**Q** 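Can you read through this structure? Questions will come right after.
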There are 2 protein chains.
Amino acid sequence: MGIVRKTKSVQTLLTIFENTEVALSSANLVKELAHSMNKTTVYRILDRLESQGLLHSFQGFDGVKWYAKCQGCSKEHHNDRHPHFQCRDCGKTECLSADFNIPELSNHKVEYAQLLLTGQCAACAQL
Amino acid sequence: MGIVRKTKSVQTLLTIFENTEVALSSANLVKELAHSMNKTTVYRILDRLESQGLLHSFQGFDGVKWYAKCQGCSKEHHNDRHPHFQCRDCGKTECLSADFNIPELSNHKVEYAQLLLTGQCAACAQL
DNA sequence: TTGCTAATGCAACTTAGTTGCATTAAATTT
DNA sequence: AAATTTAATGCAACTAAGTTGCATTAGCAA
Ligand SMILES: [Mn+2]
Ligand SMILES: [Mn+2]
Ligand SMILES: [Zn+2]
Ligand SMILES: [Zn+2]
């Protein structure tokens, strides 16, 4: 099952994510879309798109939630096990295609892991 | 340089962290200490203890800031490069002694990494 | 014991996100 | 092309985490 109702607001958000390669924070989307839709709507659509396997989310260093498009995820299964990077200079936040391994823990049952990196992005590192 | 002024509030917080092996969220400390000190004071002391190398912090899945004591860090250098774990059942949040490696990124300059795990803690996994 | 100023308390504010409920508008049926 | 159904939205009010400015207090050293 995909999107239940393709409303104007849903389409707006889908288009935004289709046309970007970076991650976007919910807080910032709320600001940018304030003229066209209510903030509650933004939060609810992001929620919905995530549970439908079209977007995935992660917590940033700033304590706000970031979203990025999924590749090959579904309502049933998310497989976005990749690190995320936040540039300390320009704020650019991106999904990394790199892999990472979860340490072996004898006593814990690890179900989900999130690797968050910061430093300078490709562009800022060259300045 | 250690603590500048060992006030009653600072001592209270130091004692709390000395007597626990887990991480504590600032939000929760504010609640627990509401009777004895102002929330602003809690946030400011946590900040100060971190910059003095006595505590380190990380962002939880819940979007709140968590603190735990350091071992062998100083005002000049923090060396708490270890994963953190949050139990999805009991909420227990802990520092893991395990090591983890940061993926090689040709274009980015990684300065700091945070690995956050969730699942079931030792106690909850056995139930 | 005095004086300096780091640290605290308080009130007001900000920012991110949530909730309940009435209304609207996709999608489906007639 | 209406009428119907109900998912989705808007709005207002609220919560939770954290911050800021400023007056006051209390460590601590002289
Ligand atoms: Mn991603
Ligand atoms: Mn730790
Ligand atoms: Zn950058
Ligand atoms: Zn547990």
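Order of the sequence lines fixes the chain letters, A, B, ..., with proteins taken first and strands second; residue numbering starts at 1 for each chain. All values derive from a computational prediction rather than experimental measurement.
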**Q** Grab the NZ-P distance between K65(A) and dT18(C) for me, whole Å please.
**A** 7 Å
**Q** For R5(B) and for T41(B), find the nucleotide of DNA chain C with the closest heavy atom, then tell me which residue's nucleotide is more 5'.
**A** R5(B)
**Q** Please confirm whether the shortest side-chain N or O distance from K39(A) to OP1 or OP2 of dC11(D) is below 4.0 Å.
**A** no
**Q** With respect to the phosphate group of dT9(D), does any side-chain polar atom (N or O) of R48(A) fall under 4.0 Å of OP1 or OP2?
**A** yes
**Q** Check the distance between dA7(C)'s P and L14(B)'s CG and give it to me in whole angstrom.
**A** 12 Å
**Q** Would you kindly give the CG-to-P distance between N28(B) and dG18(D), to the nearest whole Å?
**A** 11 Å
**Q** According to a strict under-4.0 Å criterion, is T40(A) in side-chain N/O contact with OP1 or OP2 of dG10(D)?
**A** no
**Q** Check whether the side chain of R44(A) and the base of dG17(C) form a donor-acceptor pair under 3.5 Å.
**A** no
**Q** Among the nucleotides dA7(C), dC28(D), dG9(C), which one has an atom lying closest to any side-chain atom of T7(B)?
**A** dA7(C)
**Q** Is the distance from OP1 or OP2 of dA17(D) to the nearest side-chain N or O of K31(B) less than 4.0 Å?
**A** yes
**Q** Over all heavy atoms of both residues, which pair between V10(B) and I45(B) is shortest? Give the atoms and the distance, please.
**A** N-CD1, 3.7 Å
**Q** Output the single nucleotide from dA17(D), dA8(D), dA27(C) whose closest atom is nearest the side chain of V64(B).
**A** dA17(D)
**Q** Rounded to whole Å, how long is the line connecting atom CG of L33(B) with atom P of dG9(C)?
**A** 11 Å
**Q** Report yes if a side-chain nitrogen or oxygen of S26(B) is closer than 4.0 Å to either non-bridging phosphate oxygen (OP1 or OP2) of dG18(D); otherwise report no.
**A** yes
**Q** Just the rounded figure in Å: distance from C1' of dA17(D) to OH of Y67(B).
**A** 12 Å
**Q** Assuming nearest nucleotide by heavy-atom distance, tell me which of K8(A) and K8(B) is located more 5' along DNA chain D.
**A** K8(A)
**Q** For Y67(A) and F58(A), I'd like to know if the aromatic rings sit close, meaning centre-to-centre distance below 6.0 Å.
**A** no
**Q** Looking at dT9(D), dG9(C), dG10(D), which one has an atom nearest to any side-chain atom of I45(A)?
**A** dT9(D)
**Q** Separation of W66(B) atom CH2 from dA17(D) atom P, in whole Å?
**A** 11 Å
**Q** For the pair made of CG in N38(A) and P in dA7(D), what is the distance, rounded to whole Å?
**A** 20 Å
**Q** Of all heavy-atom pairs between H82(B) and H56(B), which one has the smallest distance, and what is that distance?
**A** NE2-NE2, 3.2 Å
**Q** Nearest whole angstrom, please: distance from the C1' of dT20(D) to the CG of D47(B).
**A** 13 Å
**Q** Quick one: CG on L24(B) to NZ on K69(B), what's the gap to the nearest 0.5 Å?
**A** 9.5 Å
**Q** Going by atom types only, do E94(A) and H108(B) share a side-chain donor-acceptor pair under 3.5 Å?
**A** yes
**Q** Choosing from dC28(D), dG17(C), dG10(D), which nucleotide comes nearest the side chain of K6(B)?
**A** dC28(D)
